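Report on the following structure.
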Amino acid sequence: GVAMNAGCYIVGRARQVTVDVFVQFEWILCMDQDNDDDPIAMCASPQQTMMLLVFVSQSSLREVPDPCSWGDCGFDQLVHLMGVGCATLV
């Protein structure tokens, strides 16, 4: 897939955020505003959640867009944005 071609090996799968996540993890990185609002509504500290693209200085985007909206290269661009954001974070 696209992630493997970019050198990313993905282990696991998506899961629903539950209250125990707020204790288990220091930060919750959110892809879009809904993902940011939901944990706060579940009593997460606003300082604990942040948008992933805050860490991508060369992007004017605030939210990670739906890759299908970018056409054929959408998933490549999505993996690139996420990679830059995560690399900057660590």
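This one's a predicted model, so the numbers in the text were calculated from it and none came from an experiment.
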Inset, instruction - Report the C-alpha separation of Met50 and Asp36 in whole Å, then their side-chain angles, then the decisive distance to 0.1 Å, and conclude whether the side chain to side chain contact (heavy atoms under 4.5 Å, CB included) test is met. - result: CA-CA 7 Å; Met50 60 189 70; Asp36 192 41; 5.9 Å; no

Legend entry - Joint hydrophobic cluster, Phe55 plus Met82, side-chain heavy atoms closer than 4.5 Å: yes

Inset, instruction - Decide yes or no for Leu61 and Leu81: does some side-chain heavy atom of the first lie under 4.5 Å from some side-chain heavy atom of the second? - result: yes

Legend entry - Atom CD of Gln16 with >12 non-hydrogen neighbours under 6.0 angstrom: no

Inset, instruction - State yes or no: do Leu89 and Leu78 share one hydrophobic cluster built from I, L, V, M, F, W and Y residues joined by side-chain heavy-atom distances below 4.5 Å, directly or via other members? - result: yes

Legend entry - Single-linkage hydrophobic cluster, 4.5 Å side-chain cutoff, Met42 and Ile40 together: no

Legend entry - Close side-chain approach of Ile28 to Phe22, heavy-atom, < 4.5 Å: yes

Inset, instruction - Taking all non-hydrogen atoms of both residues into account, name the closest pair between Met51 and Gln33 and its distance. - result: CE-N, 3.6 Å

Inset, instruction - For the pair Gln48 (side chain) and Phe25 (backbone), establish whether a donor and an acceptor sit closer than 3.5 Å, ignoring hydrogens and angles. - result: yes

Inset, instruction - Spell out, yes or no, whether Val17 and Val64 are grouped together once hydrophobic residues are joined by side-chain heavy atoms under 4.5 Å, including indirect joins. - result: no

Legend entry - Nearest-0.5 Å distance, CG of residue Asn35 to CD of residue Glu63: 8.5 Å

Inset, instruction - Would you check if Thr49 and Trp27 make a side-chain contact, meaning some heavy-atom pair closer than 4.5 Å? - result: no

Inset, instruction - Please examine the side chains of Cys86 and Leu52, heavy atoms only from C-beta on, and report whether any two atoms are closer than 4.5 Å. - result: yes

Inset, instruction - Please examine the side chains of Thr88 and Val56, heavy atoms only from C-beta on, and report whether any two atoms are closer than 4.5 Å. - result: no

Inset, instruction - State, with a plain yes or no, whether a side-chain heavy atom of Leu53 is found less than 4.5 Å away from one of Met31. - result: no

